[in-house]
Amino acid sequence: MLDAELAVRAAANYRALRGKSVTVRKTIDVIIGTFCIEHGHVLLHADRDFEPMRRHLGLRTM
(Lines give C-alpha, C1' and ligand atoms only; values in the text may rest on other atoms or scores of the structure.)
Protein backbone atom coordinates (compact mmCIF):
# COMPACT_ATOMS: atom_id res chain seq x y z
CA MET A 1 0.00 0.00 0.00
CA LEU A 2 2.76 2.45 0.88
CA ASP A 3 5.65 3.19 -1.42
CA ALA A 4 8.05 6.12 -1.52
CA GLU A 5 5.83 8.20 -3.83
CA LEU A 6 2.74 7.76 -1.65
CA ALA A 7 4.78 8.54 1.48
CA VAL A 8 5.86 11.85 -0.04
CA ARG A 9 2.26 12.68 -1.02
CA ALA A 10 1.02 11.76 2.47
CA ALA A 11 3.64 14.04 4.02
CA ALA A 12 2.56 16.86 1.68
CA ASN A 13 -1.07 16.30 2.68
CA TYR A 14 -0.12 16.36 6.36
CA ARG A 15 1.73 19.66 5.85
CA ALA A 16 -1.20 21.10 3.89
CA LEU A 17 -3.55 20.28 6.76
CA ARG A 18 -1.12 21.70 9.33
CA GLY A 19 -1.04 24.86 7.25
CA LYS A 20 -4.79 25.08 7.87
CA SER A 21 -4.24 24.52 11.63
CA VAL A 22 -5.54 20.93 11.44
CA THR A 23 -3.60 18.14 13.14
CA VAL A 24 -4.38 14.55 12.20
CA ARG A 25 -3.75 12.45 15.29
CA LYS A 26 -2.50 9.27 13.59
CA THR A 27 0.02 8.99 10.77
CA ILE A 28 -1.74 5.91 9.40
CA ASP A 29 -4.91 7.96 8.87
CA VAL A 30 -3.01 10.36 6.61
CA ILE A 31 -1.57 7.41 4.70
CA ILE A 32 -4.98 5.74 4.28
CA GLY A 33 -6.62 9.02 3.27
CA THR A 34 -3.87 9.80 0.77
CA PHE A 35 -4.10 6.29 -0.70
CA CYS A 36 -7.84 6.73 -1.23
CA ILE A 37 -7.42 10.19 -2.75
CA GLU A 38 -4.68 9.05 -5.14
CA HIS A 39 -6.53 5.92 -6.28
CA GLY A 40 -10.04 7.41 -6.43
CA HIS A 41 -11.47 5.23 -3.67
CA VAL A 42 -14.39 6.20 -1.45
CA LEU A 43 -13.59 5.68 2.24
CA LEU A 44 -16.16 4.29 4.66
CA HIS A 45 -15.08 5.42 8.12
CA ALA A 46 -16.10 6.37 11.64
CA ASP A 47 -13.00 8.41 12.49
CA ARG A 48 -12.99 12.18 12.90
CA ASP A 49 -9.45 12.47 11.50
CA PHE A 50 -10.75 11.88 7.98
CA GLU A 51 -13.16 14.84 7.99
CA PRO A 52 -10.48 17.51 7.43
CA MET A 53 -9.13 15.41 4.56
CA ARG A 54 -12.61 15.34 3.06
CA ARG A 55 -13.07 19.08 3.53
CA HIS A 56 -9.62 20.30 2.45
CA LEU A 57 -8.05 17.57 0.31
CA GLY A 58 -10.99 16.11 -1.61
CA LEU A 59 -11.18 12.73 0.12
CA ARG A 60 -14.44 11.06 -0.86
CA THR A 61 -16.21 9.46 2.11
CA MET A 62 -19.38 7.63 3.00
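FYI, side chains are in, hydrogens and waters are out, and symmetry mates aren't considered; it's all heavy atoms of this structure. In what follows, residues are counted from 1 in the order of the sequence shown.
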Under 3.5 Å, side chain of His56 to main-chain N/O of Pro52, donor-acceptor pair present?
-> no
Ile28 with Phe35, same ILVMFWY side-chain cluster at under 4.5 Å = yes
Cluster overlap Leu59 with Val42, hydrophobic side-chain contacts below 4.5 Å | no
After noting the C-alpha distance and the side-chain angles of His45 and Thr61, does the key distance pass the side chain to side chain contact (heavy atoms under 4.5 Å, CB included) rule?
-> CA-CA 7 Å; His45 72 92; Thr61 63; 3.6 Å; yes
Lys26 side, atom NZ; Asp49 side, atom CG - distance, nearest 0.5 Å = 5.5 Å
If you measure from OH on Tyr14 to OG1 on Thr34, what distance do you get to the nearest 0.5 Å?
-> 12.5 Å
Between CZ on residue Arg55 and CZ on residue Phe50, distance to nearest 0.5 Å | 13.5 Å
Taking the side chain as C-beta and beyond, is there a heavy-atom pair between His41 and Arg60 under 4.5 Å?
-> no
CG/Asp29 to CZ/Arg48 distance, rounded to the nearest 0.5 angstrom?
-> 10.5 Å
Pick out which of Ile31, Val24, Leu57 makes a side-chain contact (heavy atoms from CB on, under 4.5 Å) with Asn13.
-> Leu57
Going only through I, L, V, M, F, W and Y residues with side-chain contacts under 4.5 Å, is there a path from Met53 to Val8?
-> no
Pairing of Arg25 and Asp47 as salt bridge, 4.0 angstrom limit = yes
Take Arg54 and Glu51 through the salt bridge (charged side-chain N to carboxylate O under 4.0 Å, His left out) test and state the conclusion after the steps.
-> CA-CA 5 Å; Arg54 182 192 60 77; Glu51 282 307 305; 2.8 Å; yes
